[in-house]
Amino acid sequence: MAVSLLLIGMPEMRQSPLVVVANRLPIDDSVAPDGACEWRRSPGGLVSALHPLLRHTPATWIGWAGGTGPAPHLPEVDGVRMHTVPLTTEDLRDHYEGFANATLWPLYHDAVEQPEYHRRWWEAYQRVNQRFAEAAAGVAEPDALVWVQDYHLQLVPGLLRALRPDLRIGFFLHVPFPPPELFMQLPRRAELLRGMLGADLIGFQRPQAAHNFAQLVAKVLDLPATDRRIGVGDRVVRVGAFPVSIDTAEMAALAARPEVTDRARRLRRDLGDPEHVILSVDRMDYTKGIEQRLKAYSELLASGHVKVRDTVLVQVAVPSRERVGQYQILRERVEREVGRINGEFGRVGEPAIHYLTQTFDRAELAALYRVADVMAVTPLRDGMNLVAKEYVAARVDDTGALLLSEFAGAATELSQAFLVNPHDLEGLKQKLLAALRAAPADVAARMRAMREHLHRNDIHAWARSYLSALDKSGSLLTRLGGTD
Ligand code: G6P
């Protein structure tokens with residue numbers, strides 16, 4: 001993780017043959033021992049996926065550094081130039097917290113919370129998307145490949161095409177794309193679809209999302225559309241499912257390290273050497289089904305099917321989007337429920353639930369995965385859920401049961417998991433018990449199949465398949481040095 005600081009002088013507007021545009025830059029700030037602010041590459045995710053390609057090419061990543069005010073001048077990270085897009089206080093409130101996370105996020109996740117529609121938020125969304133598009137137009141060299149990410153930036157492909165018709169533009173949506181009945185609620189639905197259609201290739205996590213999109217385009221814009229191709233004037237926009245993944249080998253290697261194995265052993269001892277450890281790791285988000293899971297667990301404790309003496313639940317819930325009202329309400333409810341369950345069922349030195357809201361580093365997370373006999377990933381709706389994939393990658397000895405929601409994108413691929421409908425409380429309880437009581441040979445056979453799948457379909461395979469579909473002629477990738 002080499003971080004070179006380029007802090008002298010003003011940022012140069014050098015042009016790149018490859019540009020990634022995402023709401024966030026792939027770096028985190030931390031405080032160095034001398035008190036100075038340090039920037040490091042964020043673990044996992046898109047930056048790891050693109051690393052083999054980025055290594056060969058002068059790429060630029062355009063994104064927001066968090067916070068408001070003027071754009072800080074950021075370091076080049078692992079050879080990738082960081083280009084910051086600033087957000088004002090109003091942009092943060094109306095674009096990020098508003099239209100992105102209180103309109104689109106709930107709408108795209110089955111409206112499990114009520115989406116809010118405000119005209120001022122839409123204006124901010126347009127304004128911020130325009131800023132990102134202009135930044136991309138400024139740093140992309142002629143005929144460059146520009147890859148736009150996620151729901152915060154759905155207008156960027158169209159805005160960018162208007163500014164730079166020479167570019168090859170890709171768009172990938174990391175979250176679900178909703179069925180027409182829901183999407184039709186959006187007051188500015190036609191503009192949003194048109195924005196996405198500025199891309200040459202639109203990637204989704206699941207085939208169903210591509211189908212929803214094609215149906216909407218035909219209905220709202222009256223364009224000829226199949227689940228694979230859409231005619232927009234004289235252009236053809238291609239559409240497809242490209243399920244995102246993780247760096248499987250990296251997680252497996254980390255989990256197999258002696259210090260991680262040792263740490264897992266100590267964690268088990270610290271948890272009181274129980275017979276079963278159940279783990280959940282979520283962002284604190286109402287889509288993750290945390291409350292439903294706690295309710296199921298509490299009922300199993302009350303009925304005596306699960307006993308605090310021999311089973312512990314470790315719930316990691318990392319606070320997220322904390323200024324958005326729905327997230328504040330959720331946190332209060334989750335914490336009240338954890339308190340109630342611990343008060344009712346815990347014993348001195350033996351809480352029913354170990355509740356943690358801290359962010360863990362990769363090694364600690366790997367140790368937690370290794371200690372978990374059952375991993376409960378039960379979102380009400382989720383684009384993919386990479387935690388489920390990380391757990392599988394970390395189970396290097398083919399032990400461990402994955403309890404997985406049918407409504408997570410990962411369920412399409414990890415069909416050997418204990419699949420569950422998290423809205424069905426009785427089903428959730430039964431499936432959790434089934435995962436806890438499953439025969440070791442059954443658990444091993446399931447885990448082996450899932451691990452094999454993830455070794456073949458890792459994040460490198462994902463980036464390769466998306467980018468080669470985007471660059472159909474192969475000329476750009478050849479020029480960039482391939483995705484090895
Ligand atoms: C989801 C989105 C990402 C987003 C992440 C964290 O996974 O698809 O685009 O970055 O949540 O949310 P945040 O609001 O903190 O960026």
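The figures that follow rest on heavy atoms only: side chains count, while hydrogens, waters and symmetry mates do not. This structure is a prediction, so every number in the text was calculated from the model and none was measured.
For the pair L470 and I169, the tightest heavy-atom approach, listed with the atom from each and the gap, is CD1-O, 3.5 Å. Here the closest non-hydrogen pair linking V392 and L402 is CG2-CD2, 3.9 Å. For the residue pair D110 and L182, the shortest heavy atom distance occurs at CA-CD1, 3.7 Å. The minimum heavy-atom distance linking P179 with N212 is given by the pair N-ND2, 3.4 Å. Contact between N385 and P379 at its shortest, heavy atoms only, is ND2-CG, 4.3 Å. The minimum heavy-atom distance linking R206 with A408 is given by the pair NH2-O, 3.3 Å.
No donor-acceptor pair closer than 3.5 Å links the side chain of H211 to the backbone N or O of P207. Side chain of T248 to main chain of L454: a donor-acceptor pair is present (N/O by atom type, distance under 3.5 Å, no hydrogens or angles). Not one N or O on the side chain of W105 forms a donor-acceptor pair closer than 3.5 Å with the backbone of P115. Here the side chain of Q326 pairs a donor or acceptor atom with the backbone of Q114 at under 3.5 angstrom. Put simply, the side chain of E76 never gets that close to the backbone of M82: no donor and acceptor are under 3.5 Å apart. For T84 (side chain) and A65 (main-chain N/O), no donor-acceptor pair under 3.5 Å exists by modelled atom type. N457 places a side-chain N or O within donor-acceptor distance of the main-chain N or O of H453, the cut-off being under 3.5 Å. Using a distance-only test at 3.5 Å, with no hydrogens or angles considered, no donor-acceptor pair links the side chain of Q205 to the main chain of P176. Listed for the T103 side chain is no donor-acceptor partner under 3.5 Å among the backbone atoms of A100. No donor-acceptor distance shorter than 3.5 angstrom exists from the side chain of D247 to the backbone of H460, with no hydrogens or angles considered.
Look at D382 and R283 and you find no salt bridge, because none of the NZ, NE, NH1 or NH2 atoms lies under 4.0 Å from a carboxylate O. Electrostatic pairing of K389 and E413 counts as a salt bridge here, judged by a charged N lying under 4.0 Å from a carboxylate O. Between E299 and K295 a salt bridge is recorded (basic side-chain N to carboxylate O distance below 4.0 Å).
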### Task
Would you check, one step at a time, whether the test side-chain contact (heavy atoms from CB on, under 4.5 Å) holds for V316 with L356?
CA-CA 5 Å; V316 178; L356 302 155; 4.2 Å; yes
#### Entry: D150 and N23: CA distance, side-chain angles, deciding distance, side-chain contact (heavy atoms from CB on, under 4.5 Å) verdict
CA-CA 8 Å; D150 228 353; N23 182 52; over 6 Å; no
### side-chain contact (heavy atoms from CB on, under 4.5 Å) between F213 and M196, intermediate numbers included
CA-CA 10 Å; F213 181 72; M196 291 167 82; 3.7 Å; yes
### Task
Any chance you could lay out the salt bridge (Lys or Arg N to Asp or Glu O under 4.0 Å) test for K307 and E350, step after step, and finish with the verdict?
CA-CA 11 Å; K307 295 195 171 53; E350 289 181 347; over 6 Å; no
### Task
Report the C-alpha distance between R309 and R347 in whole Å, list the side-chain angles of each, state the deciding distance to 0.1 Å, and finish with yes or no for side-chain contact (heavy atoms from CB on, under 4.5 Å).
CA-CA 9 Å; R309 201 173 315 120; R347 292 141 54 109; 4.0 Å; yes
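With contacts defined as side-chain heavy-atom distances shorter than 4.5 Å, the pair V175/R381 does not qualify. Using a 4.5 Å heavy-atom threshold, the side chains of F407 and T287 count as separate. Y286 has its side chain out of reach of I329: every pair of non-hydrogen atoms, C-beta onward, lies at least 4.5 Å apart. Using a 4.5 Å heavy-atom cutoff, the side chains of V334 and M284 are in contact. Using a 4.5 Å heavy-atom cutoff, the side chains of I290 and Q315 are in contact. Residues E113 and L330 have side chains not in contact (no heavy-atom distance under 4.5 Å, counting atoms from C-beta outward). Side-chain contact check for L279 versus V374: every heavy-atom pair is 4.5 Å or farther apart. At a threshold of 4.5 Å between non-hydrogen side-chain atoms, the residues T357 and R331 count as touching.
In this structure, F177 and F204 have tilted ring planes: the angle between them lies in the 30° to 60° band. Between Y96 and W64, the angle of the ring planes lies from 30° to 60°, which puts this pair in the tilted group. In this structure, F172 and H174 have perpendicular ring planes: the angle between them is above 60°, well past the 30° mark. Using a 30° and 60° split on the angle between ring planes, Y466 and W147 fall in the parallel class, below 30°.
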Taking distance alone, no hydrogens or angles, what donor-acceptor pairs closer than 3.5 Å link side-chain atoms of residues 253-263 to residues at least two apart or in another chain?
unit_1	atom_1	unit_2	atom_2	d
T261	OG1	R257	O	3.0
T261	OG1	R370	NH1	3.3
D262	OD1	R265	NH1	3.1
R263	NE	E364	OE1	2.9
R263	NE	E364	OE2	3.3
R263	NH2	E364	OE2	2.8

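Put simply, CD1 on I341 and OH on Y297 are 9.0 Å apart, with the number rounded to the nearest 0.5 Å. For the atom pair OH (Y369) and CE (M375), the distance works out to 5.5 Å, reported to the nearest 0.5 Å. Taken from CZ in R293 to CG in L425, the straight-line distance is 12.5 Å, to the nearest 0.5 Å. Between atom CD of residue Q292 and atom NE2 of residue H423 there is a gap of 7.0 Å, rounded to the nearest 0.5 Å. To the nearest 0.5 Å, atom CG of residue L271 and atom NE2 of residue H276 are 14.0 Å apart. Note that the OG1 atom of T378 and the CG atom of L419 stand 12.0 Å from one another [nearest 0.5 Å].
Among residues two or more places apart in sequence or in another chain, the side-chain hydrogen bond (donor to acceptor under 3.5 Å, both in side chains) test is passed with T89 by none. Annotation: side chain to side chain contact (heavy atoms under 4.5 Å, CB included) contacts of T359 (sequence neighbours excluded): V318.
In this structure, R340 places its CZ atom where more than 12 heavy-atom neighbours from other residues, nucleotides or ligands lie under 6.0 Å away.
The side chain to side chain donor-acceptor pair (under 3.5 Å) test with R395 is passed by exactly one of D397, T399, D398: T399.
Ring centers of W462 and F242: at least 6.0 Å apart, outside the cut-off.
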